[in-house]
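Letters A, B, ... mirror the listed sequences (proteins, then strands); counts begin at 1.
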There are 2 protein chains.
Amino acid sequence: MPVPQGSTLDPDRTRSACLDVATELFYARGVDAVGVAEVCSTAGISKQTLYRHFGSKDGLVEAMVERRSERVWRWLEDAATAAGPAPQARLTAVFDALGGWFSEAEFRGCGVMNAVTQHRSAGLLRLAARHLDRYRGLLAAIAVDAGAADAAGTAEQLLQVLEGATLLASTSPHPADAARTGRDAALALLAASRT
Amino acid sequence: MPVPQGSTLDPDRTRSACLDVATELFYARGVDAVGVAEVCSTAGISKQTLYRHFGSKDGLVEAMVERRSERVWRWLEDAATAAGPAPQARLTAVFDALGGWFSEAEFRGCGVMNAVTQHRSAGLLRLAARHLDRYRGLLAAIAVDAGAADAAGTAEQLLQVLEGATLLASTSPHPADAARTGRDAALALLAASRT
DNA sequence: CCGGATCGGTACCGAGCGGTACCATCAACG
DNA sequence: CGTTGATGGTACCGCTCGGTACCGATCCGG
């Protein structure tokens, strides 16, 4: 198979490295506050290469948001799965994982929702909807296993708590507290969801 | 008293009109997407006048965020008060009022949190903290009257639901549903907060 | 009626932006 | 070995931004 793998000219590797840098910079300082020139110089590529891969800055932003959404969702799924089959344990694991994230010095809230708040484009709105749907799937599975009378409604409540905790943590001086508060609220809602 | 009131040269009136325009434009399209020139021309004032009143664009943004925070909080307080003394009724009134807001075509989420997401400055972080504290006071009073064992903790849970509902409504095709979901979650949490 | 202050309008500045053109380089392949 | 295609570097373009300087008009108190 003719797949290049260590080469300097591997397009996939270049693209991925570029997305890594874009994710970091855009998340840390905001999409508007970082120019494509800085992304290029930090990633060690030229502007031509960036534009050949992504077409425009918007294209770069959307590609990085999509990848980020998929990764953070998979990360939460893994955390839930590792907690075993009990729905309460899985929900607890989700919020505990969030707590670890919130406590990082670089934490700035949900990158997907931040991006759509900063640039309300049709593409980002669509990506945000997909992002939230992934979360809904995760939370609905927990609600179903917990015997919720209205699993979809319960999942929506849990999603509001999750996003609310994330948003409040992003401006709070004690972000880890937001995860604990969210976990308590989520567990209470899950318990109340059985008819 | 020498207060000018109808004059074209009334500084307070000019300042207020300027803040009205800034509130609308910055909220509708984002702080970065609107230049001071457009704010001035829409408000019918010159750039000199704007800079004499606010010093810089950041000053204008902070002044408009502070006013918006105070107004929306007072609006929610009034909605709760009008619902009578019962804590459940007041909490319901808060989320019903939010539902009316969410349903407006111009709704774009919480203007205060949007602003701090777009421009993470120390001033805006401070204003956001004050904004959330106002909400905490409103919700804590409800939690106390409902006999919550941990009123502050319950208020924090309700705040997460409120902000989560607002954030999700801002990207949802059915924003009013978010208010109903939030109301149900908030009432369930309030019920679960006793002992 | 006049002097000072404030107003709106406009031209302007330096800087940074997103995006493009051109070129020398270098690896891959026939 | 020569061709091809992708790369990094750099200069450049048109545009818009936040912010300032200057001007003539307008209002006000004395």
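At whole-Å resolution of the value, NE2 in A:H53 and P in D:dG8 are 8 Å apart. Atom CD in A:E38 sits about 15 Å away from atom P in D:dG9, given to the nearest Å. The separation between A:I45 atom CD1 and C:dG19 atom P is 14 Å, rounded to whole Å. Between B:K57 atom NZ and D:dT20 atom P the separation is 15 Å, expressed in whole Å. Rounded to an integer number of Å, the gap from CG of A:D32 to C1' of C:dG16 is 13 Å. Look at OH on A:Y51: it is 14 Å from C1' on C:dA21, rounded to the nearest Å. Between B:R29 atom CZ and D:dT16 atom C1' there is a gap of 14 Å when expressed in whole angstrom units. In this structure, A:L50 places its CG atom 12 Å from P of C:dT20, rounding to the nearest Å.
Contact check, B:T49 against C:dG8: a side-chain N or O comes under 4.0 Å of OP1 or OP2. A sub-4.0 Å separation between OP1 or OP2 of D:dG19 and a side-chain N or O of B:K47 is absent.
Annotation for B:E24: atom CD does not count as buried by contact number, only 12 or fewer foreign heavy atoms lying within 6.0 Å. For B:R29, the CZ atom is densely surrounded, since the number of other residues' heavy atoms within 6.0 Å is greater than 12.
Defined by atom type and a distance below 3.5 Å, a donor-acceptor pair is present between the side-chain atoms of A:S69 and A:R134.
Counting only heavy atoms from C-beta on, B:Q48 has its side chain closest to C:dG9 among C:dG9, D:dT20, C:dG19. Taking every side-chain heavy atom of B:S46 into account, C:dG8 is the closest of C:dG8, C:dG19, D:dC17.
Between B:L189 and A:A188 the shortest heavy-atom distance is CD2-CB, 3.8 Å.
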